[in-house]
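For reference, the structure discussed in these notes is given below.
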Amino acid sequence: MSIRLPLVVGNWKLNGDRELLTSMVARLKQFDADKVETVICPPYVYLNEDTDGVKKGAQSVSTQDAGAFTGEVAGRMLRDVGCHYVIVGHSERRELFGESDEVVAAKVKATLDAGLIPIICVGETDEERENNQTTERVTQQVKAVLDELPSYSDSLVFAYEPVWAIGTGKTASCEQAEEVHAMIRQVLAGYNQELAETTRILYGGSVKPENSKELFASDNIDGGLIGGASLDVESFATICENAVA
Ligand code: PGA
């Protein structure tokens, strides 16, 4: 790792409660923010809780800012309750809620417009990997976002999450992950060299305390997006520790 401050994000999905948030915050407060940035993304209803300086992120956001959109939450509201980040384009949103590359791009724009940082998830399915379409699919997902941005914001985070590794216990090997991360950085360089050098690219998909150190040691892996292991305070803290610069 390098000039890019390591970032570890816990994606709770539809899990957790207020008690877990309280104990997680107490533990994450112990980290030196200059050495690792830690972020918790609980379900929306917990985002209003005071997390005592520990950064919060939402798991999604509306493309809209206000109006008759029942069930939606706008970026400005997330900002209002003290969020810093928004996970956009998670494969579960893409698959289960039909979010296309176009919707993902619109959500990235809505996030940036609200002054928040999007964590943009990209990754191939099992079938795409088997058909040697990983580079093509991931490049397409990254470009779908960057092509829609008026300028290349320095507040973007990407997360490479191979769909076949999410919640399955199958992690990409360090070599597999590093190869895709380096490729994403190359795509970013095609837009802007500084963007390529400063953008943090996280790895996600069955990251655990046991495999995190090795993954984070790779040149182009700047931290992790953690699902299952972010629901256990000590497991998540160990992963954060393993990312310390
Ligand atoms: P997992 O989930 O760590 O449980 O595989 C990662 C994610 O979905 O972001």
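Whatever order the structure lists ligands and atoms in, that order sets their numbers, starting from 1.
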Tell me whether the count of non-hydrogen atoms from other residues, nucleotides or ligands lying under 6.0 Å of CD in Gln176 goes above 12.
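Atom CD in Gln176 is packed in, count exceeds 12.
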
Before accepting this row, confirm whether a basic side-chain N of the pair Arg129/Glu124 lies closer than 4.0 Å to the acidic partner's carboxylate O.
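Yes, charged N to carboxylate O under 4.0 Å.
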
Could you check whether Lys208 pairs with Asp232 (Lys NZ or Arg NE/NH1/NH2 to Asp/Glu carboxylate O, under 4.0 Å)?
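Result for this pair is no, no salt bridge flagged.
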
Ala165 touching ligand 1 at heavy-atom level, < 4.0 angstrom
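It does; at least one heavy atom falls under 4.0 Å.
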
I'd like to know whether ligand 1 has Ser206 as a neighbour, heavy-atom separation below 4.0 Å.
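Distance cut 4.0 Å: Ser206 passes for ligand 1.
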
Go through ligand 1 atom by atom and flag the ones less than 4.0 Å from a non-hydrogen atom of [X].
X: Gly167; result: 1 (P), 4 (O), 5 (O)
X: Gly228; result: 1 (P), 3 (O), 4 (O)
X: His90; result: 7 (C), 8 (O), 9 (O)
X: Gly227; result: 1 (P), 2 (O), 3 (O), 4 (O), 6 (C)
X: Asn11; result: 9 (O)
X: Gly205; result: 5 (O)

Holding to side-chain contact (heavy atoms from CB on, under 4.5 Å), I want the full list of residues that pass it with Ala33, two or more places apart in sequence or in another chain.
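In terms of side-chain contact (heavy atoms from CB on, under 4.5 Å), with neighbours along the sequence ignored, Ala33 is linked to no residue.
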
Side chain proximity check, Leu149 to Leu112, heavy atoms < 4.5 angstrom
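The answer is yes; the side chains approach within 4.5 Å.
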
For Asn220, check side chain to side chain donor-acceptor pair (under 3.5 Å) against everything at least two apart and list the hits.
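Only Glu178, Arg185 meet the side chain to side chain donor-acceptor pair (under 3.5 Å) criterion with Asn220.
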
Protein contact to atom 9 (O) of ligand 1 [nearest heavy atom, distance to 0.1 Å]
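Among all protein heavy atoms, the one nearest atom 9 (O) of ligand 1 is Glu161 OE2, 2.7 Å.
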
If you measure only the distance, is there a donor-acceptor pair under 3.5 Å linking the side chains of Glu127 and Thr125?
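The answer is no; no qualifying pair exists.
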
